[in-house]
There are 2 protein chains.
Amino acid sequence: MTVPTGRRERKKAATRQKIADTALRLFLERGYDEVGIRDVAAEADVAVTTLFSHFASKEALVFERDDDFEQRLTRAVTDRAPDEPLVPALRREIHAMVLHCTADGSAPIYRMIDESRALREYEESMRLRHAESLATALVADPGLPQSATACRTLARFVIDAYALARDAADPQGAVDEIFTMVEAAWAAA
Amino acid sequence: MTVPTGRRERKKAATRQKIADTALRLFLERGYDEVGIRDVAAEADVAVTTLFSHFASKEALVFERDDDFEQRLTRAVTDRAPDEPLVPALRREIHAMVLHCTADGSAPIYRMIDESRALREYEESMRLRHAESLATALVADPGLPQSATACRTLARFVIDAYALARDAADPQGAVDEIFTMVEAAWAAA
DNA sequence: AACGTAACACTAACGGTTAGTGTTTTGGAA
DNA sequence: TTCCAAAACACTAACCGTTAGTGTTACGTT
């Protein structure tokens, strides 16, 4: 078990990165639906099978780094101060996530996502996964008196807040407005 | 513009029905993922292209009649008595829908859906469509003082209630529990 | 130096979906 | 009745994402 360094792992990471960079560049240049997997593989100078050993699907090339989101949400629950109320902690995290993906740097990427049905559907199914892992974290929290159904409901409402805010004219304002509703729902549970 | 009946339309409907019936039978016999489009087309004695002129995708063969759901939800909003409060009307409708799809007759179909990733994802993206059309109906209702964002949020919450209740141990009870939360959220908006 | 394995390559295919190109059927107009 | 335009259907061939099968390097380990 030699620890981190190792030429092999560096090469693997480099290949993965090269594929992701090439894919994103081509997608932004020509449009997601106009670029085939074979195009990406050829331009990145790897075999198609190599590409699929690094990424599970064509869509995954776009959402390369979004396991982060999943972890950040569950950690907003598990790592919060013992006396910090739950919903505001979640609201803070959603605020940060919305801010991140409405930033100027991310704008072209999210425009591309909106333009492709395949990417929109993939993103939504990703969010479902996030909701489920958030739900698991909530159900497991011994400090919450609410029922499991209420926890699962809250998880979906929080993910809805993210999705709705991203499409709103004023994303940050929408987060606050929706969280007023979420807070009331959670209090009633 | 001669009105409805006409041999052509009857034949078309018959072809469509034969395809749907054949598909559902094969899927239940052998499993959704084990049956190819070419199998369905051959068994229904039509060309593959004909099949796709009646159904937009393989998954659509399973959810043949689910435009109804979409209409029922929007009509629960638009057709309710002038003085009937909104959320209870929606709750009644969700109750009915959950009851329908947990009935004995539908059980094998929904078991099949749960077993196939492709079908689960398709169903979820269908629900998104339903949420959007419900949101449109809500936003258009002049009797509602709430903001457009609040309306869209309610729409998603209602669809969540359906999805969560279907997976719950006690679906009918879950609908009531979740709608307590939805009611509170709507009141806070 | 030699071995085991992870990364990668290549070919070929599978399954859903569509384009292109007819052919038949049918409802309605002349 | 006859004829036309459109709709429904068929057929071939292909596209595209994805995977299986089968090697071939390149690296870390012993």
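Throughout, protein chains are lettered first and strands after them, A, B, ... in sequence-line order, and every chain is numbered starting at 1.
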What integer distance in Å separates Arg7(A):CZ from dA26(D):P?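 Nearest whole value for this atom pair: 12 Å.
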Whole angstrom is fine here: how far is it from CZ in Arg8(A) over to C1' in dA6(C)?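 Spelled out: CZ on Arg8(A) to C1' on dA6(C) is 4 Å.
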Counting only distance, no hydrogens or angles, is the base of dT26(C) paired donor-acceptor with the side chain of Arg10(B) under 3.5 Å?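 Not at all, since no donor on one side and acceptor on the other fall under 3.5 Å apart.
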I'd like to know if Arg38(B) reaches the base of dG16(C) with its side chain, counting only an N/O donor and acceptor under 3.5 Å.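 Check passes, donor-acceptor contact within cut-off.
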Between Tyr32(B) and Lys58(B), is there a cation-pi geometry (under 6.0 Å to ring centre, at most 45° from the normal)?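 Satisfied, under 6.0 Å and within 45°.
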Lys58(A) side-chain proximity, nearest of dC8(C), dG17(D), dG16(C):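 Among dC8(C), dG17(D), dG16(C), the one nearest the side chain of Lys58(A) is dG17(D).
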Nearest to the side chain of Ser57(A) - dC11(D), dT18(D), dA20(D)?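 The closest nucleotide is dT18(D).
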Looking for any heavy atom pair under 4.0 Å, which part of the strands does Val48(B) touch: base, sugar-phosphate only, or nothing?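 Since a base atom lies under 4.0 Å of Val48(B), the category is base.
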Using the closest heavy atom to pick a nucleotide of DNA chain C for each, name whichever of Lys11(B) or Ser53(A) lands nearer the 5' end.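 Of the two residues, Ser53(A) wins.
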Side-chain heavy atoms nearer than 4.5 Å, only ILVMFWY residues, links allowed to pass through others: does that put Phe27(B) and Phe63(B) together?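 Yes, because Phe27(B) and Phe63(B) connect within a single hydrophobic cluster, where side-chain heavy atoms sit under 4.5 Å apart.
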Within the structure, does a side-chain N or O atom of His54(A) lie under 4.0 Å from either OP1 or OP2 of dA7(C)?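 No.
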Is Thr15(B) close enough to dC9(D) that one of its side-chain N or O atoms is under 4.0 Å from OP1 or OP2 there?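 Yes, such a contact exists.
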What residues, two or more places apart in sequence or in another chain, satisfy side chain to side chain contact (heavy atoms under 4.5 Å, CB included) together with Ala42(B)?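 For Ala42(B), no residue satisfies side chain to side chain contact (heavy atoms under 4.5 Å, CB included) once neighbours in sequence are set aside.
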Atom CZ of Arg152(B) with >12 non-hydrogen neighbours under 6.0 angstrom: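 No, not enclosed.
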